[in-house]
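For reference, the structure is listed below as structure tokens.
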Amino acid sequence: MRINLFLIMLFMSASALAQTLITEKYELTIAELCEEGVVGCDNVVLNILEHGTGGEQRINGETFHTHCSDGTTPCAFQGYRFKAKNQTYRILNNGTFQIFDNNGEQVYSGKGKWQ
């Protein structure tokens, strides 16, 4: 029920671009809340639903890109990055979801399909 409310609120915002990645263990709904055409959005929301447990978490984050030859201008979109208390989450453009602990050690990696 909470996810449905989350999705309804996202779609009510005309500028929100929402997409969902489904892995074996997680359902990840990502919403970019920046104005259309903005490259390098720093207002991205991730809603994580863990299959089996029903655990749910909402985290704010940003997009990340490779840099152009000038070293500062964002060029190619690589994915999303989110930081919580004890973990960093990355969702790559190819559908890979990664979780890292505070020491930078990868604790989970799973590939999913974009819906």
Side-chain angles (χ1 to χ4, degrees):
M1 181 65 152
R2 291 187 307 201
I3 289 181
N4 290 338
L5 181 59
F6 173 76
L7 291 173
I8 290 169
M9 289 172 44
L10 288 176
F11 290 121
M12 288 176 63
S13 170
S15 62
L17 169 64
Q19 54 188 339
T20 300
L21 179 69
I22 307 290
T23 71
E24 184 177 320
K25 192 171 179 178
Y26 298 98
E27 180 175 319
L28 310 159
T29 302
I30 304 163
E32 291 185 40
L33 303 176
C34 293
E35 292 182 29
E36 190 172 335
V38 171
V39 177
C41 181
D42 63 355
N43 190 11
V44 181
V45 176
L46 170 64
N47 196 69
I48 303 172
L49 176 63
E50 188 171 353
H51 300 301
T53 68
E56 192 172 356
Q57 186 175 357
R58 185 175 178 191
I59 308 166
N60 293 329
E62 62 190 1
T63 60
F64 68 96
H65 301 74
T66 57
H67 292 288
C68 297
S69 60
D70 66 8
T72 56
T73 305
C75 273
F77 173 74
Q78 297 299 306
Y80 302 93
R81 184 174 31 235
F82 305 88
K83 293 187 185 212
K85 296 175 195 171
N86 299 319
Q87 296 180 317
T88 299
Y89 302 86
R90 285 194 328 183
I91 300 173
L92 305 179
N93 199 23
N94 69 2
T96 301
F97 177 49
Q98 302 169 317
I99 303 174
F100 299 89
D101 65 17
N102 281 339
N103 297 321
E105 297 289 324
Q106 184 172 295
V107 296
Y108 173 81
S109 180
K111 189 148 185 180
K113 293 189 180 192
W114 293 104
Q115 302 290 310

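All values derive from a computational prediction rather than experimental measurement. Start at 1 with the first residue, then count along the sequence.
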**Report entry** No-hydrogen, no-angle side-chain donor-acceptor test under 3.5 Å, Asn102 and Gln87
**Finding:** no

Query - Stepwise side-chain contact (heavy atoms from CB on, under 4.5 Å) test for His51 and Glu27 - result: CA-CA 7 Å; His51 300 301; Glu27 180 175 319; 3.9 Å; yes

Report summary line: Distance col, row Leu92:CG vs Gln98:CD, nearest 0.5 angstrom, shows 4.5 Å

Query - Ile22 side, atom CD1; Leu28 side, atom CG - distance, nearest 0.5 Å - result: 7.5 Å

Query raised in the report: Just how far is it from atom NZ of Lys111 to atom OG of Ser109, taken to the nearest 0.5 Å?
Result: 9.5 Å

Query raised in the report: Step by step, would you call Leu46 with Tyr80 a side-chain contact (heavy atoms from CB on, under 4.5 Å)?
Result: CA-CA 9 Å; Leu46 170 64; Tyr80 302 93; over 6 Å; no

Report summary line: Tightest non-hydrogen contact, residues Leu33 and Cys41, listed as N-SG, 4.2 Å

Query - Residues which pass ring-ring contact (aromatic ring centres under 6.0 Å, His included) with His67, listed by chain and number, not counting sequence neighbours - result: none

Requested in this report: List for me each residue that meets ring-ring contact (aromatic ring centres under 6.0 Å, His included) alongside Tyr26, sequence neighbours excluded, and say none if there are none.
Outcome: Phe97, Tyr108

Query - Between CZ on residue Phe82 and CZ on residue Arg90, distance to nearest 0.5 Å - result: 12.5 Å

**Report entry** Derivation and outcome, side chain to side chain donor-acceptor pair (under 3.5 Å), residues Glu32 and Asn43
**Finding:** CA-CA 6 Å; Glu32 291 185 40; Asn43 190 11; over 6 Å; no

Report task. Applying side-chain contact (heavy atoms from CB on, under 4.5 Å), run through Val44 and Ile30 and close with a yes or a no. Result -> CA-CA 7 Å; Val44 181; Ile30 304 163; 3.6 Å; yes

**Report entry** Lys113 and Leu21, any side-chain heavy atoms less than 4.5 Å apart
**Finding:** no

Report task. May I have the step-by-step check of side-chain contact (heavy atoms from CB on, under 4.5 Å) for Gln19 and Trp114, ending in yes or no? Result -> CA-CA 7 Å; Gln19 54 188 339; Trp114 293 104; 3.9 Å; yes

Query raised in the report: Are side-chain heavy atoms of Phe77 and Asn93 found at a separation under 4.5 Å?
Result: yes

Query raised in the report: How many angstroms lie between CD1 in Ile59 and NZ in Lys83, if you round to the nearest 0.5 Å?
Result: 12.0 Å

**Report entry** Flag, side chain of Asp101 to backbone of Asn103, donor-acceptor distance under 3.5 Å
**Finding:** yes

Query raised in the report: So how far is it from Thr29 OG1 to Gln115 CD, rounded to the nearest 0.5 Å?
Result: 10.0 Å

Requested in this report: Would you name the heavy atoms of Cys75 and His65 that are closest together and state the gap between them?
Outcome: N-CB, 4.2 Å

